[in-house]
Participant: 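Here it is, the structure, as structure tokens.
When a residue number appears, it is its place in the shown sequence, counting from 1.
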Amino acid sequence: MSILDGVQRVLTLFAEGATELSFTEVAQRLALPKSSASRLLNQMQHYGLLDQDAGTRRYRLGALVQRAVRTGLAARPLDEACRAVLVRLSEASGLTAYLSTLNRRETVVLQRLNGAHPVQVLSPPGSRRQASGTAMGRALLSRLSDAEFAALYGRDPAAPLPPEGKDCPTTVGALAARVAEVRADRCGVAIDEAMPGIGAVAAAVRDPETGDLRGLCVSFVAFQVDAVRVATLRALVLEQVGALGRDLGDPFWTAPPEATRAAAAGEGGA
């Protein structure tokens, strides 16, 4: 294994949601001999890719990586605009608000903002989930063209999907149907599906200049809400994400809702 292979594998552990890792955890999760893990971690620390807590001896992302991430995010106007919406969603609902993107078949959390409610749903930035099983994932998938959806899932409607949980799509055809519903509604809702006891309301925008996708949602513990509360959250998400989409000039949001529903009804897949 080259040093770059090792660096990529360690950074992937953080990208998948780890905030701190011990030497033993890295060696075990990457199936590395202790001597190899020690050399790799020492080199990454030497070059500023990792920092080590003097007390716990656990590793976290280094200052160099964190500066690069901050600079990259600051350079993306889309993410700046999304973060402003994230604040409004969290403050208005009192719930946890998430900003995510799509990485092939998975959603990736980019940012989380906790609300004021004493019970919060917490997934750290970098967390990944199968897009098929979540409101966020289906909202992001609803913004793909037929060709983009087929590139991810193929064109066989009977092709199986990994089991995700109660009421989640189990075939490509079932997923395409659910995604079409989200496209027509401009908003996805999932309660007690891939994440038992958890619910979310989500919608997505797409930058017409770059094609970049971003999903925004509010997430809640299922017992916190009833049908009226879900309807209120849905209206909030549609209002805030819709306003962002119109500011971006996203055709999905600038077209009247009737046009979106007609387009979704006329498509055989996602």
Participant: Does R60 make a cation-pi contact with F14, if we ask for NZ or CZ under 6.0 Å from the ring centre and within 45° of the axis?
Facilitator: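 So R60 doesn't make the cation-pi contact.
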
Participant: How far apart are the closest heavy atoms of L89 and A97, and which atoms are they?
Facilitator: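 Scanning both residues, the minimum pair turns out to be CB-CB, 4.2 Å.
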
Participant: If we ignore angles and hydrogens, is there a donor and acceptor under 3.5 Å between the side chains of R214 and T101?
Facilitator: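 Distance-only check passes for R214 and T101.
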
Participant: L61 versus D51: any side-chain heavy-atom pair under 4.5 Å?
Facilitator: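 Not in contact.
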
Participant: Under 4.5 Å between any side-chain heavy atoms of Q111 and V109, yes or no?
Facilitator: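 SC-SC contact between Q111 and V109 ruled out.
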
Participant: Give the minimum heavy-atom separation between G249 and P208, together with the two atoms involved.
Facilitator: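 That would be O-CG, 3.7 Å.
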
Participant: I want to check something: taking the side chain as every heavy atom from C-beta on, are V26 and V10 in contact at a cut-off of under 4.5 Å?
Facilitator: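 A side-chain contact under 4.5 Å exists here.
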
Participant: Is there a path of hydrophobic side-chain contacts, each under 4.5 Å between heavy atoms, that joins V182 and L140?
Facilitator: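 Looking at the clustering, L140 is in a separate group from V182.
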
Participant: Under the rule for salt bridge (charged side-chain N to carboxylate O under 4.0 Å, His left out), what residues qualify as partners of K34, not counting sequence neighbours?
Facilitator: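 In terms of salt bridge (charged side-chain N to carboxylate O under 4.0 Å, His left out), with neighbours along the sequence ignored, K34 is linked to no residue.
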
Participant: Which heavy atom of R246 sits nearest to which heavy atom of W253, and what is that distance?
Facilitator: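 In terms of heavy atoms, the two residues are closest at CG-O, 3.4 Å.
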
Participant: How long is the straight-line distance from CG of L99 back to CE of M136, given to the nearest 0.5 Å?
Facilitator: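 Output value for this atom pair is 7.0 Å.
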
Participant: I'd like a table of donor-acceptor pairs (distance under 3.5 Å, sequence neighbours excluded) in which one partner is a side-chain atom from residues 148-162, with atom names and distances.
Facilitator:
{"unit_1": "E148", "atom_1": "OE1", "unit_2": "S145", "atom_2": "N", "d": "2.8"}
{"unit_1": "E148", "atom_1": "OE1", "unit_2": "S145", "atom_2": "OG", "d": "3.3"}
{"unit_1": "E148", "atom_1": "OE1", "unit_2": "R206", "atom_2": "NH1", "d": "3.0"}
{"unit_1": "E148", "atom_1": "OE2", "unit_2": "R206", "atom_2": "NH2", "d": "2.9"}
{"unit_1": "D156", "atom_1": "OD1", "unit_2": "A158", "atom_2": "N", "d": "3.0"}

Participant: With a 4.0 Å cut-off, would you call E193 and R138 a salt bridge?
Facilitator: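 Counted as a salt bridge, because a side-chain N and a carboxylate O are separated by less than 4.0 Å.
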
Participant: Can you find a pair of side-chain heavy atoms, one from E20 and one from E25, that are under 4.5 Å apart?
Facilitator: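 No, side chains not in contact.
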
Participant: Do you know which two heavy atoms are closest between S132 and P169, and how far apart they sit?
Facilitator: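 Smallest interatomic distance, heavy atoms only, reads O-CD, 3.4 Å.
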
Participant: Evaluate R112 against T96 for side-chain contact (heavy atoms from CB on, under 4.5 Å), listing each step before the verdict.
Facilitator: CA-CA 7 Å; R112 181 191 77 209; T96 311; 3.4 Å; yes

Participant: To the nearest 0.5 Å, what is the distance between CD on Q240 and OG on S90?
Facilitator: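 These two atoms lie 11.5 Å from each other.
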
Participant: Could you check whether any side-chain N or O of T107 sits under 3.5 Å from a backbone N or O of N103, counting only pairs where one atom can act as donor and the other as acceptor?
Facilitator: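 Checking the backbone N and O of N103 against the side chain of T107, no donor-acceptor pair under 3.5 Å is found.
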
Participant: Is a donor on one side and an acceptor on the other found under 3.5 Å between the side chain of D53 and the backbone of T56?
Facilitator: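 Yes, D53 side chain to T56 backbone: donor-acceptor pair under 3.5 Å.
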
Participant: Quick check: does any side chain N or O of D192 sit under 3.5 Å from a backbone N or O of G197, one acting as donor and the other as acceptor?
Facilitator: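 Indeed, once roles are kept as given, a pair shorter than 3.5 Å links the two residues.
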
Participant: Nearest 0.5 Å, please: how far is CG in L86 from CZ in R83?
Facilitator: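 The CG atom of L86 is 9.0 Å from CZ of R83, to the nearest 0.5 Å.
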
Participant: For the CG atom of L50 and the CG atom of L11, what is their distance to the nearest 0.5 Å?
Facilitator: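 Atom-to-atom, L50:CG and L11:CG are 7.0 Å apart.
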
Participant: How far apart are the closest heavy atoms of R183 and L144, and which atoms are they?
Facilitator: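 Minimum heavy-atom contact is NH2-O, 3.5 Å.
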
Participant: In terms of hydrophobic clusters joined by side-chain contacts under 4.5 Å, are V85 and F252 together?
Facilitator: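 Yes: a chain of side-chain contacts under 4.5 Å links V85 to F252.
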
Participant: Please assess S93 against L233 for the test side-chain contact (heavy atoms from CB on, under 4.5 Å), listing each intermediate value before the final yes or no.
Facilitator: CA-CA 7 Å; S93 68; L233 293 174; 3.8 Å; yes

Participant: Check whether any side-chain heavy atom of F23 sits under 4.5 Å from a side-chain heavy atom of S38, and report yes or no.
Facilitator: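 In short, these two side chains touch, coming nearer than 4.5 Å.
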
Participant: Do R234 and D185 come within less than 4.5 Å of each other through their side chains, counting heavy atoms only?
Facilitator: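 Yes; the side chains approach each other to less than 4.5 Å.
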
Participant: Should Y47 and L21 be counted in the same cluster of Ile, Leu, Val, Met, Phe, Trp and Tyr side chains packed under 4.5 Å apart?
Facilitator: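 No, because Y47 and L21 fall into different hydrophobic clusters, even though each may have its own neighbours under 4.5 Å.
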
Participant: Please round to the nearest 0.5 Å and tell me the distance separating atom OG of S219 and atom CG of L95.
Facilitator: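 With rounding to 0.5 Å, OG (S219) is 8.0 Å from CG (L95).
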
Participant: Any heavy-atom pair between the side chains of P163 and T170 that's under 4.5 Å?
Facilitator: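 SC-SC contact between T170 and P163 ruled out.
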
Participant: Mind checking the OG1-CZ spacing from T24 to R57? Nearest 0.5 Å is all I need.
Facilitator: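 That separation rounds to 12.0 Å.
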
Participant: With no hydrogens and no angle check, do the side chains of Q130 and T134 hold a donor and an acceptor under 3.5 Å apart?
Facilitator: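 The answer is no; no qualifying pair exists.
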
Participant: Verify, without hydrogens or angle tests, whether T12 (side chain) and Q8 (backbone) share a donor-acceptor contact under 3.5 angstrom.
Facilitator: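 It does hold such a pair.
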
Participant: Using side-chain heavy atoms (C-beta onward) and a distance below 4.5 Å, is C217 in contact with V201?
Facilitator: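 Sidechains of V201 and C217: no contact.
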
Participant: Could you go through E91 and R88, starting from their C-alpha distance and side-chain angles, then the distance that decides it, and tell me whether this counts as salt bridge (charged side-chain N to carboxylate O under 4.0 Å, His left out)?
Facilitator: CA-CA 5 Å; E91 289 182 348; R88 291 194 288 272; over 6 Å; no

Participant: Please find the pair of heavy atoms, one from C82 and one from L216, that lie closest to each other, and give the distance.
Facilitator: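 Taking every non-hydrogen atom into account, O-CD2, 3.5 Å.
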
Participant: If hydrophobic clusters are built by linking Ile, Leu, Val, Met, Phe, Trp and Tyr wherever their side-chain heavy atoms come under 4.5 Å apart, do V108 and V205 end up in the same one?
Facilitator: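 In one cluster: no.
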
